[in-house]
Amino acid sequence: MSADAISKYLYALECAWNPMFTPFKGDCQVKYSYDENKPLFIALFTHMKSMDRRGCHRSALEVCKFLPSLDTDDPMGAMFCIDYFAVRAEEYAWLERFSEEYKSDNTLWLFPNFSYSLAVCRLYLEKAESSKDSATETTNATSTDLMKQALMLHPMVLKKLVAKVPLKEWVWTDILKNAFFQADEVGIPSLDHLINIYVESNHIIWRLPELQNLLRDAAQLVIETLRQNSSEKNDWACVRKEAFSSDKNEYSHLLISDFSYTLPAAPPENLQHFMANARMGDVMHNEQDLVQPNEGGPAPRDVAN
């Protein structure tokens, strides 16, 4: 299997490391710009996806954390899937803390993947706190507030999620009739690309009923808010434009297909060709057995005897 080959490859690389090379301490840099280093990044990224497909979500998260530590430029786009692995590994509190402390710059929430995933994390943390009957008050925003903020900042995500999940209830049709959620693209190349990456990588978690309820309630609140104050959407548009000011796609090197964690299915024509070849091989093997029965072995017994 390719997953086993990748594991052996990474083991061989680790065995070849210089004793002074201690990347797990976070004090070593391996720049992706050098061609000699690129296979390491590609192998780690592939291994991370393999761990997720095996159900080892925490292991996949740890590999995802490791990638940006090797090169702070994040050439593989680990920052755009680390939230997915954190949610799958149920590391909700860690993702909240990480988004606040990363590079001492509290702007990760501006990215579409973090804006939506932080709302998801807050929902599950609220459930955990309520199950403990905790009477302590928290200053954190509620999951509904965070989801409403995410929808105001990146409303295009909703339409893409409804199509990708898919969400077929009538309520989503009514929500998408609102002009605020009808746009297919933002018009900012970098942001449009990141939204497509988020929907491709995270759509599977939106099949959970509790997350669909959160998304639906927040979307209805957004519609009601804009009905009362339509100028608010212009304020969020200014935030988007300021956060993603480049006219070029700064993330064009990241392929959307690389952030798909579902196993690709072979085309039907390829499967039919494979089955036909397999049947032909069985026929030829059986014919060879009839022509040369028990070659090198004892003669078959006479049926009459």
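Within the 6.0 Å centre-distance limit, the rings of Phe111 and Phe244 are counted as a close aromatic pair. Under the 6.0 Å cut-off for aromatic ring centres, Phe80 and Tyr251 qualify, their centroids lying closer than that.
Residues Leu211 and Ile205 come closest through the heavy atom pair CD1-O, 3.1 Å. Summarising the geometry of Leu95 relative to Leu118, their closest heavy-atom pair is O-CD2, 4.1 Å, with the distance given to 0.1 Å. Taking each heavy atom of Cys64 and Met48 in turn, the nearest pair found is CB-SD, 3.5 Å. Nearest approach of His47 to Val63, heavy atoms of both residues: CD2-CG2, 4.1 Å. Nearest heavy-atom pair, Leu151 versus Phe180, reported as atom, atom and distance to 0.1 Å: O-CE2, 3.7 Å. The two residues Ala119 and Ser143 come nearest to each other via the heavy atoms O-CB, 3.6 Å.
Comment: Asp145 does not engage Lys148 in a salt bridge, judged by the lack of any side-chain N to carboxylate O separation of less than 4.0 angstrom. At a threshold of 4.0 Å, the pair Arg54-Asp4 counts as salt-bridged, since one of the basic side-chain nitrogens sits closer than that to a carboxylate oxygen. Comment: Arg97 does not engage Glu100 in a salt bridge, judged by the lack of any side-chain N to carboxylate O separation of less than 4.0 angstrom. Of the charged side-chain nitrogens involved, none lies within less than 4.0 Å of a carboxylate oxygen, so that Lys49 and Asp52 do not count as a salt-bridged pair. Salt-bridge annotation for Glu169 and Arg216: absent, with no side-chain N of the basic residue lying under 4.0 Å from a carboxylate O of the acidic one.
Ring planes of Trp94 and Phe98: parallel class, angle under 30° (limits at 30 and 60°). The aromatic rings of Tyr92 and Tyr124 sit parallel, their planes meeting at an angle under 30°, below the 60° perpendicular limit. Ring planes of Phe24 and Trp17: tilted class, angle from 30 to 60°.
Leu221 and Leu146 fall into different hydrophobic clusters, defined by Ile, Leu, Val, Met, Phe, Trp and Tyr side-chain heavy atoms under 4.5 Å apart, directly or through other members.
Using a 4.5 Å cut-off on side-chain heavy atoms (C-beta onward), Cys121 and Val87 make contact.
Of the candidates Trp206, Tyr116, Phe114, Tyr116 is the only one forming a ring-ring contact (aromatic ring centres under 6.0 Å, His included) with Tyr198.
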